[in-house]
2 protein chains.
Amino acid sequence: MTKGRTDTAVKIMDVAQELIQSCGYNAISFNHIAERVGIRKPSIIHHFPNKEALGQAVVRRYREVFAAVLEKVAEAPDKTAIDAFDLYCTPYLEFGGTPDKICLCGALAGEFMALPENVRAEVARFFREHIIWLEGILRRGVESGDFAFKGDPAIKAKLILDALQGALIVKRATGDTDQVTQVVAALRDSITG
Amino acid sequence: MTKGRTDTAVKIMDVAQELIQSCGYNAISFNHIAERVGIRKPSIIHHFPNKEALGQAVVRRYREVFAAVLEKVAEAPDKTAIDAFDLYCTPYLEFGGTPDKICLCGALAGEFMALPENVRAEVARFFREHIIWLEGILRRGVESGDFAFKGDPAIKAKLILDALQGALIVKRATGDTDQVTQVVAALRDSITG
DNA sequence: GTCTATACAAAGATAGAC
DNA sequence: GTCTATCTTTGTATAGAC
């Protein structure tokens, strides 16, 4: 599914995503993006009619790529619930390994009330999908005996998502390079019993 | 400690803080602040030389007020570790009860790389102080028998802070009004054994 | 301490040449 | 598809009157 996007359009989205993950939505501009892509400011408009459309496209792609991976692992018969959990944590560990990047939706959520409506909707949907997916994995793990924990899986799912998102933003601010790894391990322990 | 601030200066800080909690740092302007305070844009400059100075003053006050409360409860001989934990969660529950506000430092952390140096420093210090305080409370609770949990208190402290910060940003985006309450309860259960 | 007026830069966006 | 040139708005900040 290429959505008919040209190479330039994809490159614009890649750069925009990286910049938002570092600096947020309101801090970045067409100029910043154009500079890194190697084109001029108005050329972006040819690919995306305005900033809101670009923002929405970036978050939508991020959400859909994430969702496709999660769906695939949830349906793979050879993957255990533990495998699924570990896989879920992979991007968080990856972002946590950088000095300046957090989850795209975590960055956007910090300035939520200052986002265009369409971008907000994508961010909200991202979080909702992840909570539902996590709850499903937790229930599967409990049934299979891989997981053992107290409390409602639905709430545990929220706790996991919240802790991972929070770990990224706090880690980047404090510079505590081990924080995300430590929190992932603690969460893992808390569900594997 | 009034720091010699006039009523207007305090009002400017109050409004600026609220706006940052809702919209972030880069989305707000002197105009937005001035409008709500009921003065004109350049009048703000009389109280704070520039946006960075205002931002730093706001975060610094927030951090110091928080720190003073935490220090007081940590030193109160009649307060148990559970009391201290519950008190720590109070502001998070309060923000979670609003439709649009999160922790000031959680909001700023989302756009960390786009913040002035001085503001960054205050945000980082806020998180570090909270992790240290939480670790102290956790150790005290373990010693007193109020708390019982597996793992390193230092890491548990990070997990708690991360989960609370994450709960606020995710909750605001999804509109799941119960989320913060649920996560606080789950965290409480996880340390009281 | 607050105002009007203004300077100056940067933002998002458009028009039209190539 | 990309460019230059331009428009309009908004941002931070300053000067100086009151």
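In what follows, chains carry the letters A, B, and so on, assigned in the order in which the sequence lines appear, proteins first and then strands, with residues in each chain numbered from 1.
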Please give, in whole Å, the distance from [N] [atom2] to [X] [atom1]?
| X | N | atom1 | atom2 | result |
| --- | --- | --- | --- | --- |
| A/R40 | D/dT6 | CZ | P | 15 Å |
| B/I39 | C/dC3 | CD1 | C1' | 11 Å |
| A/K11 | D/dG1 | NZ | P | 15 Å |
| B/E35 | D/dT10 | CD | C1' | 13 Å |
| B/D7 | C/dT2 | CG | C1' | 15 Å |

What are the two closest non-hydrogen atoms of [X] and [Y], and how far apart are they?
| X | Y | result |
| --- | --- | --- |
| B/K171 | B/T177 | CE-CA, 4.2 Å |
| A/R139 | A/P153 | NH1-CG, 3.7 Å |
| A/K51 | A/N26 | NZ-CA, 4.1 Å |

List the steps, then state whether side chain to side chain donor-acceptor pair (under 3.5 Å) holds for A/H46 with A/S43. CA-CA 5 Å; A/H46 177 76; A/S43 302; over 6 Å; no

I need the A/L70 CG to A/I132 CD1 distance, nearest 0.5 Å. 12.0 Å

If I take atom CZ from residue B/F149 and atom CG from residue B/D189, how far apart are they, to the nearest 0.5 angstrom? 14.0 Å

Does [N] have OP1 or OP2 under 4.0 Å away from a side-chain N or O of [X]?
| X | N | result |
| --- | --- | --- |
| B/S43 | C/dC3 | yes |
| A/N31 | C/dA10 | no |
| A/H46 | D/dG1 | yes |
| B/H32 | D/dT10 | no |

Could you check B/Y62, B/F112, B/F66 and say which one makes a side chain to side chain contact (heavy atoms under 4.5 Å, CB included) with B/C105?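 Considering B/Y62, B/F112, B/F66, a side chain to side chain contact (heavy atoms under 4.5 Å, CB included) with B/C105 is found only for B/Y62.
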
May I ask you to say what B/I44 touches in the nucleic acid, namely base, sugar-phosphate or nothing, with a heavy-atom cut-off under 4.0 Å?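 No contact at all - B/I44 keeps every heavy atom at 4.0 Å or more from the nucleic acid.
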
Mind checking B/L54 for me? I need base, sugar-phosphate or nothing, with any heavy atom below 4.0 Å counting as a touch.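 Result for B/L54 = nothing.
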
Residues from residues 109-123 of chain B sitting under 4.0 Å of DNA chain D, heavy atoms only? none

Residue pairs fulfilling ring-ring contact (aromatic ring centres under 6.0 Å, His included) with at least one residue in residues 172-193 of chain B, sequence neighbours excluded: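 Pairs touching residues 172-193 of chain B that pass the test: none.
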
Output yes when B/R128 and A/D176 qualify as a salt bridge under the 4.0 Å nitrogen-oxygen rule, no when they do not.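 No, B/R128 and A/D176 are not salt-bridged.
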
Of all the nucleotides listed (D/dT2, C/dG12, D/dT12), which has the minimum atom distance to the side chain of A/S29?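 The answer is C/dG12, which lies nearest to the side chain.
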
Going 5' to 3' along nucleotides 13-18 of chain D, which nucleotides have protein heavy atoms under 4.0 Å from the base (write B), which only from the sugar-phosphate (write S), and which from neither (write -)? BB----

